[in-house]
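Quantities reported herein were computed from a predicted structural model and do not represent experimental measurements. Side chains are part of it too, since the values below use all heavy atoms of this structure and drop only hydrogens, waters and symmetry mates.
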Amino acid sequence: DLPCELHCWRQMADYSPEMRQFACLLHLYHIKAYDYLRKIFPLPHPYSLTKQNHTSSLHPPFFFSSWLSNNEAAAGFSNEVFLRLQEKVERGDQAYRYCAVLVQDMSLQKQQEWDPQTQRLRGFVDLGAGTLDADEAPLASEAIILMAVGISSPWTAPLGYFFVNSTSGHFLAQLLRQTINKLNNIGIVVLAVTSGASARGAETARVLGIRMDPETIQCTFQHPPGSAHSIAYFFDVCHALQLIRNALQCFQKVEWLSDSMCWQQVVELAALREQKILEPCSPEAGRAGSKESYHLKVNPATLLFSEGVAEALEHLQKLGLASFQNCSGTVKFVRLMSSLCEVFYGRAPYGKGLKKPLLAGHYTKICNLFNEAKSFFVNLIDSMGRYIIKSKRKLGFLSFLLSAESLKWLYSNYTCPEGTPSHHLHSYAFSLDPLDLFLRALQQACGSSGSPTCTVFQAAYHKLLANCSLAPGSPHSSGRANSWDISLSRRRDLTLGSIRAQYHPAPGRTLAPEYPYCAALLLPSSALSNALTDLSLHARSLTCTAGWVAEQLALELQCEACLASLFEADESRLRCRSLLYIKKLGGVSLPSASVHHITSIAEQVLNRYGKVGDGNRNTKLWRLSLEQKVFQELLGESPLFPTLTNHFFDGELSIDNHYTILVKEITRCYLNIRTNPAQHLNLKHPCARHRLKRLKGKHLFPSPLGSCQSS
């Protein structure tokens with residue numbers, strides 16, 4: 001379909017769609033071939049592929065026929081998003097002066113589909129210059145999505161997507177350079193690029209000029225090539241952590257200098273079964289000589305590379321458990337990785353320690369940590385004495401070293417000295433978390449869990465783009481999910497719970513804990529309702545139900561701190577949240593004072609308003625009104641979850657943070673149990689009355705639960 005006459009290639013306006021597709025494909029897939037053919041055919045300069053005209057301030061610019069750009073959420077760069085970004089820059093908004101570019105792929109279902117509106121077949125490769133519509137044209141198998149992220153302000157902008165059949169590092173490198181060109185054209189300076197820590201990502205980095213050898217590491221590339229402007233390159237931290245976990249699983253034991261890290265000790269921690277521990281009562285309990293029983297269990301939401309795992313290993317070593325003796329090397333390794341994660345996952349403007357935003361004054365402390373990590377990684381050897389950094393499992397460690405060098409480079413080049421009005425850097429912007437948040441919203445808009453077709457993908461992208469705001473912190477129509485929750489969700493296979501499931505898989509889905517029989521006393525329709533006259537028994541049943549609510553939520557929570565806050569804790573024994581000392585009542589875990597208080601308020605609300613409109617008890621509106629009344633009752637009360645005060649500042653400053661989510665989930669779970677008792681409790685169980693007799697008279701409310709008993 002391409003004309004061979006030279007006069008047909010004279011002006012851009014005269015180029016046919018086939019000419020444009022040919023030029024774009026050749027330029028992105030092989031720049032050297034493109035440069036060679038430019039000597040024969042007057043192909044446009046690469047700059048023309050993304051060129052746009054700049055007009056007077058605040059007036060919509062007229063875009064030339066930018067062959068890689070489109071409107072209406074079609075494949076290619078989004079003209080609408082670039083226009084809105086340019087308007088912000090021209091207004092002088094400093095938050096949009098610098099950004100990072102993120103790139104990630106999403107698999108597609110190969111399928112041809114007829115579009116009645118355009119009267120064309122869809123499902124083929126499309127790079128923004130039009131779909132390759134032919135019998136022999138390749139079908140698209142994945143979409144490449146690009147996003148710009150603010151590095152001093154948490155704004156995000158989906159820049160566009162491209163339907164491809166197969167990609168290489170050369171293709172992604174050219175696509176990234178075109179993206180940087182378009183952003184530079186509207187006045188935004190790109191300081192960093194982030195890709196996945198994969199074979200394709202490593203090839204992309206090498207094509208751009210990045211060197212990952214620890215001795216001659218080069219963390220930046222020039223753009224345009226040969227210019228003075230440098231751009232840092234990052235690998236996604238979550239991908240790097242997964243690769244390091246894979247390496248530890250394969251080698252089982254890694255050594256350095258005089259220490260060693262044993263993977264089996266982590267496996268033993270994850271697989272630790274719940275153990276009953278008897279200890280003498282404290283003098284304050286008033287029962288000298290008797291013993292209290294605790295149930296020691298592992299918090300499954302604890303991240304593998306965290307301070308919690310290090311403290312748990314040390315604690316179990318002090319308890320004398322044989323599997324955890326001589327674990328100092330494992331503790332040291334986990335603690336170092338935990339510190340690195342805190343730096344790279346820093347996102348909170350009011351975070352503490354290594355979680356603070358990256359300011360000029362932190363350079364020395366961060367630099368010392370990175371130097372320690374480099375010395376650590378380059379000296380790691382396996383059981384045969386071979387260096388890990390030169391093995392086939394090296395990419396995870398090299399990814400951390402490269403990202404550390406890039407962060408140090410940004411520190412020294414783009415933060416102001418102390419005493420001057422410096423802007424801070426959010427290291428969160430250099431991970432793929434913001435783009436993953438957008439992709440999850442996109443997958444949800446597609447309406448299925450599998451790979452979408454090109455048509456479904458494009459419709460979902462159009463829907464999200466229509467609701468997309470470039471304001472800092474705005475979600476992409478993704479419900480209540482925020483970046484902190486997405487970060488935890490992406491690392492779900494890096495938790496102790498995931499390791500336990502991997503080495504000790506359960507025969508089926510984890511079953512919910514058995515509903516406590518004594519909670520039957522809360523049911524007005526129960527034959528045992530006369531026992532409500534016994535307020536102490538009523539309080540016990542409320543405690544059991546609150547504990548059951550805590551155990552229910554613990555099955556789904558992904559946040560270590562929030563999960564630990566559901567149960568009564570003894571901070572004098574162990575301050576880390578990775579190990580839990582839990583008291584039980586009738587086989588049910590005792591809830592924390594905050595959980596008990598919320599369920600008590602919910603019970604009061606239910607008793608007061610539950611009989612109004614009995615015919616509409618199962619409607620969503622009725623349940624919502626009950627939840628609202630619970631929140632109204634909680635307003636003005638003493639603060640809940642006092643152990644989580646610092647944790648609530650780990651994520652964005654939002655009203656819908658983990659605090660409000662916990663309160664809502666506890667309230668909803670409790671009201672669901674109370675308004676749908678048949679789903680949770682079989683009152684005809686023959687052991688119900690027997691258990692109630694056994695429970696009566698036991699000591700139920702150790703401090704601080706005793707202060708939370710409500711009439």
Side-chain angles (χ1 to χ4, degrees), residues 236-249 254 261-272 296-317 324 327-348 351-356 366 369 372-373 376 396-397 400 403 427-428 431 433 483-502 554 557-566 569 571 574-580 643-644 646-651 658:
D236 180 57
V237 177
C238 183
H239 290 171
L241 290 174
Q242 291 170 341
L243 293 174
I244 291 178
R245 178 209 55 196
N246 295 345
L248 295 176
Q249 286 180 315
V254 294
M261 190 278 181
C262 182
W263 174 253
Q264 187 59 30
Q265 291 173 336
V266 177
V267 176
E268 293 288 345
L269 172 63
L272 187 67
L296 175 65
K297 62 189 299 184
V298 174
N299 188 334
T302 301
L303 292 170
L304 167 60
F305 300 112
S306 67
E307 181 64 22
V309 168
E311 292 187 9
L313 290 171
E314 289 178 329
H315 184 74
L316 294 175
Q317 183 182 29
F324 304 100
C327 65
S328 59
T330 305
V331 169
K332 186 180 295 185
F333 183 92
V334 170
R335 200 158 261 154
L336 174 66
M337 295 302 303
S338 174
S339 298
L340 291 174
C341 290
E342 286 191 359
V343 172
F344 284 104
Y345 278 107
R347 71 195 66 234
K352 296 183 179 181
L354 295 174
K355 296 180 181 179
K356 291 181 180 179
I366 299 297
L369 174 64
E372 179 187 358
F376 206 86
F397 299 98
F400 260 104
S403 297
S427 55
Y428 160 73
S431 75
D433 286 359
S483 62
W484 179 241
D485 291 323
I486 290 298
S487 174
L488 292 176
S489 180
R490 293 187 68 210
R491 289 181 285 172
R492 193 166 191 171
D493 62 343
L494 293 168
T495 61
L496 294 182
S498 68
I499 296 173
R500 176 193 295 172
Q502 188 175 7
L557 279 181
Q558 301 177 28
C559 177
E560 174 196 17
C562 292
L563 192 153
S565 71
L566 296 175
E571 291 194 8
L574 184 64
R575 292 188 177 275
C576 74
R577 303 183 180 107
S578 53
L579 289 176
L580 305 175
T643 60
L644 296 183
N646 292 332
H647 167 66
F648 293 140
F649 292 100
D650 286 341
H658 283 194

Any chance you could measure [X], atom [atom1], to [Y], atom [atom2], to the nearest 0.5 Å?
{"X": "L316", "Y": "L296", "atom1": "CG", "atom2": "CG", "answer": "6.5 Å"}
{"X": "M261", "Y": "S328", "atom1": "CE", "atom2": "OG", "answer": "12.0 Å"}
{"X": "Q317", "Y": "C327", "atom1": "CD", "atom2": "SG", "answer": "4.0 Å"}

Compare all side-chain heavy atoms of [X] with those of [Y] and state whether any distance is below 4.5 angstrom.
{"X": "V266", "Y": "L248", "answer": "no"}
{"X": "E560", "Y": "L303", "answer": "no"}
{"X": "D236", "Y": "R490", "answer": "yes"}
{"X": "E314", "Y": "R335", "answer": "yes"}
{"X": "V237", "Y": "D433", "answer": "no"}
{"X": "L369", "Y": "L336", "answer": "yes"}
{"X": "L269", "Y": "T302", "answer": "no"}

For the side chain to side chain contact (heavy atoms under 4.5 Å, CB included) test, which of L579, V334, T495 pairs with V309?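 The option that passes is V334.
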
Which pair of non-hydrogen atoms, one from [X] and one from [Y], has the smallest distance, and what is that distance?
{"X": "T330", "Y": "C262", "answer": "OG1-N, 3.1 Å"}
{"X": "G308", "Y": "S578", "answer": "O-OG, 2.5 Å"}
{"X": "L580", "Y": "A564", "answer": "CD2-CB, 3.7 Å"}

Go through the structure and list residues passing side-chain hydrogen bond (donor to acceptor under 3.5 Å, both in side chains) with [X], not counting sequence neighbours.
{"X": "S306", "value": "none"}
{"X": "E268", "value": "Q264"}
{"X": "R500", "value": "none"}
{"X": "Q558", "value": "none"}

Between F333 and F376, how do the two ring planes meet: parallel, tilted or perpendicular, split at 30° and 60°?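 Geometry flag for F376 against F333: tilted rings.
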
Please determine whether side-chain contact (heavy atoms from CB on, under 4.5 Å) holds for the pair L304 and I244, giving the CA-CA distance in whole Å, both sets of side-chain angles, and the decisive distance to 0.1 Å. CA-CA 11 Å; L304 167 60; I244 291 178; over 6 Å; no

Can you sort out the partners of F324 under ring-ring contact (aromatic ring centres under 6.0 Å, His included), two or more places apart, ordered by chain and number?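 None.
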
Going by ring-ring contact (aromatic ring centres under 6.0 Å, His included), name the residues that satisfy it together with F400, two or more places apart in sequence or in a different chain.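 Testing F400 for ring-ring contact (aromatic ring centres under 6.0 Å, His included), a comparison that skips the adjacent residues, returns F344.
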
Please list, chain by chain and in numerical order, all residues satisfying side chain to side chain contact (heavy atoms under 4.5 Å, CB included) with [X], sequence neighbours excluded.
{"X": "Q502", "value": "Q249"}
{"X": "L243", "value": "A197, N246, L395"}
{"X": "Q242", "value": "C238, H239, R245, D493, L494"}

